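Worksheet: the structure to be examined is printed underneath.
Computed from a predicted structure; not experimentally measured.
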Amino acid sequence: MTPPTARTWARRGHTPLIRVRGRSQRRFSIAALACYKHGERSRLIYRPKRHVYHKRGGRRSFTWTDYRDLLIDAHQQLGAPIVLVWDNLNVHKDRRLREFIDTHDWITCYFLPAYTLDLNPVEGIWSLLRRSSQANTAFTDPDHLISTLRHGLRQIQYRSNLIDGCLAETGLSFTTSRRKPQ
């Protein structure tokens, strides 16, 4: 992973350099849910995944079953129904995942319009993560990267005001209409 750069300092006349070998081979993926419940602190639920077989033609991203398991875990942690607002990632629209969502009444799913990253609060989380724990860091190995990512996400998780800021930045309303019993 090419490290993101942030402002730093160096002696006058000496430009700071970070030398990085190799290219990104996309060994890790992270899925996250920014959760809001009226009257409670905002929460961040995330799952990192290491792609062990990425060099042998294996999948380099989350599968629909990974997202299904994340939703089940989130439902158990939150103990409440989930209103899911998703971007248009192809896995989010997978037929099997849609069938799973449609068969469970505790999930209501909405999709954001195409190319609207500013409406997705998780994009703000990724921005915070890149600017804080990843900035100006050259990772020595995959374990160093994953431990830094987990530490950075935990720091965001414990500061619900950061999650609130990412949710507020979208400009979306936090109120939903109640479902009428049938």
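Note on I45: it clusters hydrophobically with L89, by side-chain heavy-atom contacts below 4.5 Å among ILVMFWY residues.
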Step-by-step side chain to side chain contact (heavy atoms under 4.5 Å, CB included) determination, T170 to N120: CA-CA 7 Å; T170 64; N120 189 347; over 6 Å; no
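Within 6.0 Å of CZ in F111 there are more than 12 heavy atoms belonging to other residues, nucleotides or ligands.
Remark: S160 pairs with no residue by the side chain to side chain donor-acceptor pair (under 3.5 Å) rule, at least two apart or across chains. Remark: L117 pairs with E123 by the side chain to side chain contact (heavy atoms under 4.5 Å, CB included) rule, at least two apart or across chains. R159 is linked by a side chain to side chain contact (heavy atoms under 4.5 Å, CB included) to N161, L162, counting only residues two or more places apart in sequence or in another chain.
Across all non-hydrogen atoms, the minimal contact from V122 to A32 is CG2-O, 3.6 Å. Summarising the geometry of G124 relative to C166, their closest heavy-atom pair is C-SG, 3.5 Å, with the distance given to 0.1 Å.
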Could you give the side-chain donor-acceptor pairs of residues 145-152 under 3.5 Å, partners two or more places apart or in another chain?
from	atom 1	to	atom 2	distance (Å)
S147	OG	D143	O	3.2
S147	OG	H144	O	3.1
T148	OG1	H144	O	2.8

Quick one: side chains of residues 93-102, donor-acceptor pairs under 3.5 Å with protein atoms, not counting sequence neighbours, listed by atom name and distance.
from	atom 1	to	atom 2	distance (Å)
K93	NZ	N88	OD1	3.0
D94	OD1	R96	N	2.8
D94	OD1	R96	NE	3.1
D94	OD2	R96	NH2	3.2
R95	NH1	E99	OE2	3.3

Using a 3.5 Å cut-off and no angle test, enumerate the donor-acceptor pairs between side-chain atoms of residues 65-82 and protein atoms at least two apart in sequence or in another chain.
from	atom 1	to	atom 2	distance (Å)
T65	OG1	T63	OG1	2.8
D66	OD2	K49	NZ	2.7
D66	OD2	T63	N	3.0
D66	OD2	T63	OG1	3.1
D73	OD2	R47	NH2	3.4
H75	ND1	A80	O	3.0

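Between W86 and L112 the shortest side-chain heavy-atom distance does not fall below 4.5 Å. Using a 4.5 Å heavy-atom threshold, the side chains of T108 and L84 count as separate. At least one side-chain heavy atom of Q157 sits under 4.5 Å from a side-chain heavy atom of Y46. Using a 4.5 Å heavy-atom threshold, the side chains of I30 and L153 count as touching. Residues L44 and C35 are not in side-chain contact: their nearest non-hydrogen atoms beyond the backbone lie 4.5 Å or more apart.
From Y158, atom OH reaches atom CZ of R41 across 9.0 Å, with rounding to the nearest 0.5 Å.
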